[in-house]
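The structure appears right after this line, and notes come after that.
Since this is a predicted model, take the numbers as computed values, not measurements. Throughout, a chain's letter reflects where its sequence line sits, starting with A, and its residues are numbered from 1.
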Number of protein chains: 2
Amino acid sequence: MSLKHSLLVLLAEQSSTGYELSQKYKEAIGFFWKASHQQIYKQLKELTADGWVTFEEQSQQGKPDKKKYQVTDSGFQELQRWLSSEIKPAKANDALLVMLYGGKHVEHQVLLQEIERHKGLHEKNLKKLEAIQGLYLSLSKAQQKEYRLPYLTLKRGLSSEKAWLQWAEEVIEELSDAAQ
Amino acid sequence: MSLKHSLLVLLAEQSSTGYELSQKYKEAIGFFWKASHQQIYKQLKELTADGWVTFEEQSQQGKPDKKKYQVTDSGFQELQRWLSSEIKPAKANDALLVMLYGGKHVEHQVLLQEIERHKGLHEKNLKKLEAIQGLYLSLSKAQQKEYRLPYLTLKRGLSSEKAWLQWAEEVIEELSDAAQ
DNA sequence: CTGGCCATGTAATGCGTTACATGATTAG
DNA sequence: CTAATCATGTAACGCATTACATGGCCAG
C-alpha cells in the first residue's frame with residue numbers, strides 16, 4: 001500500500017489539513033497518484049492510529065474545525081523505511097486500450113471519436129504540466145536544486161503525455177485512412 | 001468497471017477457459033490490463049449470472065472439468081454498448097514516482113538502485129513487446145489487416161516503454177552527477 | 001440565486017490482492 | 001525430489017468509488 005506513504009511524503013514536505021492534501025493530489029502529484037478526499041480523511045485517521053502523524057485542531061468560526069496534520073518521528077522512520085524498500089511497478093488498467101483491442105465490433109468512427117475525446121484530455125494535462133514547468137524554470141538556481149526530485153517526476157509526466165499524444169496521432173491517421 | 005468488458009472482448013475473439021484467459025492477461029493484453037486468476041473466475045461467474053456468457057463443461061480424467069466460456073447474444077450487445085460508451089481515462093497510481101518525489105529523505109544511492117531495478121523490468125517488457133511486433137510484421141498483409149487494432153495497442157506499449165526508459169536515463173544521469 | 005470553493009466526514013458497494021486449498025502431469 | 005504448468009476455486013481483507021450529508025462564504 002502506498003496511499004499512506006504518499007500522504008507521509010506530502011506531510012513531510014509541509015504540515016497540512018486533509019483538504020489541502022486533497023488539493024495536492026489534484027495538482028502537484030495528480031498525474032501520478034490520485035486520491036479522493038474521502039480516502040484521504042480515512043487514511044489520515046489510520047495514520048493517526050498508527051502513530052505516524054498527529055494533528056492540532058484549529059477552531060474556526062462558522063466552519064468546522066481544521067485539523068493540521070504533521071509527521072511524527074515514528075512516521076518519519078516509516079517513511080524512510082518505505083523509501084528504501086522495493087516499490088511495486090505500477091499496475092496499468094487502461095480501458096481505452098481494451099476498447100481499441102476489441103474495436104472491430106463497432107465502427108471506426110466510434111473509436112475515433114473516443115480517441116479524439118481522450119486526446120483533448122491529454123492535451124489539457126500536457127498544458128498544465130508545461131505551466132508548472134514554466135514556474136520551475138523561473139526559479140533561482142538554488143530553488144531549482146531544492147525541487148530537483150519533484151521536477152524529475154514532472155518530466156515523467158511531460159514525457160508520458162507527449163508519447164501518448166504522438167501515438168494518438170498515428171492511431172487517428174490509421175483509423176481515418178482505413179475507412180471501413 | 002471494465003474487467004468484465006475486457007473478458008467479453010477476449011471471449012468474443014475466441015471461446016476460452018478461465019485458465020486460458022488468465023494466460024492472455026499475462027501475454028496479449030498484459031501490459032495494459034492485469035487480472036489474477038481469482039478475479040477472472042469470480043467475474044466469469046458473474047458474467048454467467050448476467051447472461052452475457054455461457055459455458056460448456058468438458059470433463060477430463062484426473063484434472064477438474066474444463067469450462068469453455070463463450071459470449072451470448074446479449075453479451076455481444078453489452079460489448080457493443082460498452083465499446084460505444086465514454087471510457088474513463090486510466091487512473092495512474094505510480095508508487096515509484098511517489099518515491100522519487102519524496103526522495104530527499106534518503107540517499108541518492110537508494111533511489112538510483114530502485115530506479116535501476118525498475119529499468120531492468122521495463123527493458124524486459126520492451127523486449128517482450130518487440131518480439132510480438134516481430135511476429136506481427138512477419139504475417140501476411142491480410143493477416144496484418146485483421147490484427148490492425150490489437151497492433152495499435154502493441155504500439156502504445158512500445159511507445160510507452162521507450163519513453164519510460166528514456167526518462168530513466170535522464171534521471172540516472174541527474175542523480176549520479178549530483179552526488180550528495 | 002446558482003455554482004464554486006472551503007472543510008469535514010459516514011455508509012454502502014465494488015474491485016483487487018493475498019493466503020489457502022486441491023490434485024495431476026511433466027521436465028530437470 | 002522439486003519446481004513448473006495445467007486447472008479450478010473459497011475466504012478474508014484492504015483499497016477505491018459513489019452516494020449522501022452538512023454548512024458557511026463569495027463572485028457573477
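- Gln143(A) and Tyr136(A) are not linked by any side-chain donor-acceptor pair at a separation below 3.5 angstrom, with hydrogens and angles left out of the test.
- Side chain of Tyr41(B), nearest nucleotide from dA7(C), dG9(D), dG16(C): dG9(D).
- Using modelled atom types and a 3.5 Å distance limit, the side chains of Arg156(A) and Thr153(A) yield no donor-acceptor pair.
- Which of dG9(C), dA7(D), dT17(C) sits closest to the side chain of Tyr69(A) comes down to dG9(C).
- Residue contacts shown for Gln38(A) include a base, since a base heavy atom lies under 4.0 Å away.
- Under 3.5 Å, the side chains of Gln80(B) and His105(A) contain no donor-acceptor pair of N or O atoms.
- Among the nucleotides dT18(D), dA16(D), dT8(D), the one closest to the side chain of Thr17(B) is dT8(D).
- Of the residues listed (Trp52(B), Tyr41(B), Phe55(B), Tyr19(B)), the one engaging Tyr69(B) in a ring pair (Phe, Tyr, Trp, His ring centres under 6.0 Å) is Phe55(B), and it is the only one.
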* Chi angles and distances behind the side chain to side chain contact (heavy atoms under 4.5 Å, CB included) call for Val71(B), Glu78(B) -> CA-CA 10 Å; Val71(B) 180; Glu78(B) 170 58 23; over 6 Å; no
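- Whole-Å rounding puts the Leu21(A) CG to dC6(C) P distance at 14 Å.
- At whole-Å resolution of the value, NZ in Lys68(B) and C1' in dC6(D) are 14 Å apart.
- Checking the phosphate oxygens (OP1, OP2) of dT8(D), no side-chain nitrogen or oxygen of Lys42(B) falls inside 4.0 Å.
- Whole-Å rounding puts the Glu57(A) CD to dG9(C) C1' distance at 13 Å.
- For the pair Leu44(A) CG and dA16(D) P, the interatomic distance rounds to 14 Å; values are reported in whole Å.
- With respect to Lys119(A) and Glu169(A), a salt bridge is recorded, a charged nitrogen being found less than 4.0 Å from a carboxylate O.
- Nearest to the side-chain atoms of Asn93(A) among the listed nucleotides dA7(D), dA7(C), dG16(C) stands dG16(C).
- Toward the 5′ end of DNA chain D lies the nearest nucleotide of Gly18(B), the other residue of the pair Gly18(B) and Lys34(A) mapping further downstream.
- Checked against dC6(C), dG9(C), dG9(D), the side chain of His37(A) finds its nearest nucleotide in dG9(C).
- Between Gln39(B) atom CD and dT8(D) atom P the separation is 16 Å, expressed in whole Å.
- Out of dT17(D), dG16(C), dT8(D), the shortest distance to the side chain of Tyr19(B) is found at dT8(D).
- If you measure from atom NZ of Lys91(B) to atom C1' of dC15(C), you get 11 Å, rounded to the nearest angstrom.
- Remark: the Tyr101(B) side chain and the Ser6(A) side chain contain no N/O donor-acceptor pair separated by less than 3.5 Å.
- Taking five base pairs at each end of the helix from dC1(C)-dG28(D) to dG28(C)-dC1(D) and finding the rotation axis that steps the C1' atoms of four pairs onto the next four gives two axes whose angle is 50°, to the nearest 10°.
- Checked against dT18(C), dA16(D), dT18(D), the side chain of Lys88(B) finds its nearest nucleotide in dT18(D).
- Summarising the geometry, the separation between NZ on Lys4(B) and C1' on dG16(C) is reported as 15 Å, rounded to the nearest angstrom.
- Relative to the side chain of Lys67(B), the nucleotides dG9(C), dC6(D), dG9(D) differ in distance, and dG9(D) lies closest.
- The CD atom of Glu46(B) sits 15 Å away from the C1' atom of dG9(D) (whole-angstrom rounding).
- Across all strands, Lys45(B) comes closer than 4.0 Å only to sugar-phosphate atoms, never to a base (heavy-atom distances).
- Residues Ser15(B) and Lys68(B) share a closest heavy-atom pair of O-CE, 3.5 Å.
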